Undergrad: 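So that we are looking at the same thing, I have put the structure below in structure tokens.
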Amino acid sequence: MDVSEVGALAARIRSEIGKAVVGQDGAVDLLLTALFAGGHVLLEGPPGTAKTLLAQSFARTVALDYGRIQFTPDLMPGDVIGANLFNFQTSTFSLTRGPVFCELLLADEINRTPPKTQAALLEAMQERHVTIDGKSHPLSPRFTVVATQNPIEQQGTYPLPEAQLDRFLFKHVLDYPSAAQERAIIVAHGSRTGQMDPKSFGVEPVAARAAIDAAIETVAQVRLTDEVVGYIVDLVRATRESTDIETGASPRAGAMLAVAARARAALDSRDYVIPDDVKALAAPTLRHRLILSAASEIEGRKVDQVLTGLVERVAAPR
């Protein structure tokens, strides 16, 4: 598969998702980028902005084995990864696999469960295997987590620790749709009752596993010039030197930004990365990896504002 075919595949996936989800083009592009870059995505937005429907539609279009966990305060780690249960008929223990044994996992309202259960996802997200009673069980090499969280509710929630946030390639903030998009949503969904199933909207699989694997191999071959590598390094190091930021991005963040930029270039049918790829992905890749200084928080500044300023100040190669 060449990059033009990757771009055509992405266009077909976008078209199918558009049958069920109106707007949210930025979120769709980040899901595609994360899929081809082998990363996970955290979607943050108010209720009713199609976070769950988007994940379901995406899983259906790319024909991935889909799983879902509704996180609650009483959820235990065994409910996520599974456990060895005693079978009284055979007098032996048998493994009951948890929802993580899938290819695309929707972790719905991930910030509603305590840190102990959140940590059960850490090994799965980073290593793509889980350990149950001392035995390692591999997950699919395409295992991807799409997590959602609601930013407007604080009671009964547990903010994700920085170690787990760093496992996400992207954090995307969904906003309310425009007036025209909201009108289209009401026209499309206003007469429907019950569960919003992507299949009922006509969403069909358009990418087999072999095509996804071929696209990922193509992404790995996208060229990253020394000038663009230097730009990524300068941008990441600028987050550590800024007086507005207490804790900047790590070297791993720079490496992940480079991988994501390769995937974005392939989605645009290019076999080389340009600085605009890095600029477009800087905010979703870095916003959840930075901690603002106390002075910035007192002044009411936001992480995205600080990041925008850094991207404008750091010189990009021509």
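What you see is a predicted model; the values in this text were computed from it and never measured.
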Undergrad: If hydrophobic clusters are built by linking Ile, Leu, Val, Met, Phe, Trp and Tyr wherever their side-chain heavy atoms come under 4.5 Å apart, do Met125 and Leu106 end up in the same one?
TA: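 No, Met125 and Leu106 fall in different hydrophobic clusters.
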
Undergrad: Do any side-chain atoms of residues 32-39 form donor-acceptor pairs under 3.5 angstrom with protein atoms, and if so which ones, sequence neighbours left out?
TA:
from, atom 1, to, atom 2, distance (Å)
Thr33, OG1, Asp29, O, 2.8

Undergrad: With rounding to the nearest 0.5 angstrom, report the CG to CD distance, Leu43 to Gln149.
TA: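 Spacing of CG (Leu43) from CD (Gln149) equals 9.5 Å.
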
Undergrad: Flag the pair Arg60 / Pro205 as yes when at least one side-chain heavy-atom distance between them is below 4.5 Å, and no otherwise.
TA: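 Result yes, sub-4.5 Å side-chain heavy-atom pair found.
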
Undergrad: Mind checking what makes side-chain contact (heavy atoms from CB on, under 4.5 Å) contact with Gln305, not counting sequence neighbours?
TA: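 For Gln305 the side-chain contact (heavy atoms from CB on, under 4.5 Å) partners, ignoring immediate neighbours, are Arg301, Lys302.
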
Undergrad: Find the distance between CD (Gln70) and OG1 (Thr113) and round it off to the nearest 0.5 Å.
TA: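 Answer for the CD-OG1 pair, Gln70 versus Thr113, is 10.5 Å.
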
Undergrad: Quick one: does Asp2's side chain have a donor or acceptor within less than 3.5 Å of a partner on Ser4's backbone?
TA: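 Yes; judged by distance alone, with no hydrogens or angles, the pair exists.
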
Undergrad: Side chains of Leu31 and Ile17: does their closest heavy-atom pair fall under 4.5 Å?
TA: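 SC-SC contact between Leu31 and Ile17 ruled out.
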
Undergrad: Is a side-chain N or O of Thr218 found less than 3.5 angstrom from the main chain of Ala214, in a donor-acceptor match?
TA: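 Confirmed, Thr218 side chain pairs with Ala214 backbone.
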
Undergrad: Residues sharing Ile298's hydrophobic cluster, by side-chain heavy-atom contacts under 4.5 Å among ILVMFWY, directly or via others?
TA: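 Same cluster as Ile298: nobody, lone residue.
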
Undergrad: Rounded to the nearest 0.5 Å, what separation is found between the CG atom of Leu307 and the CZ atom of Arg287?
TA: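 It is 8.0 Å, given to the nearest 0.5 Å.
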
Undergrad: Could you check whether Asp213 pairs with Arg142 (Lys NZ or Arg NE/NH1/NH2 to Asp/Glu carboxylate O, under 4.0 Å)?
TA: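 Yes, this pair counts.
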
Undergrad: Side chain of His288, backbone of Phe168: donor and acceptor closer than 3.5 Å?
TA: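 At least one qualifying donor-acceptor pair exists.
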
Undergrad: Write down the atom of Pro275, the atom of Ala316, and the distance for their closest heavy-atom approach.
TA: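 Minimum heavy-atom contact is CB-CB, 4.1 Å.
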
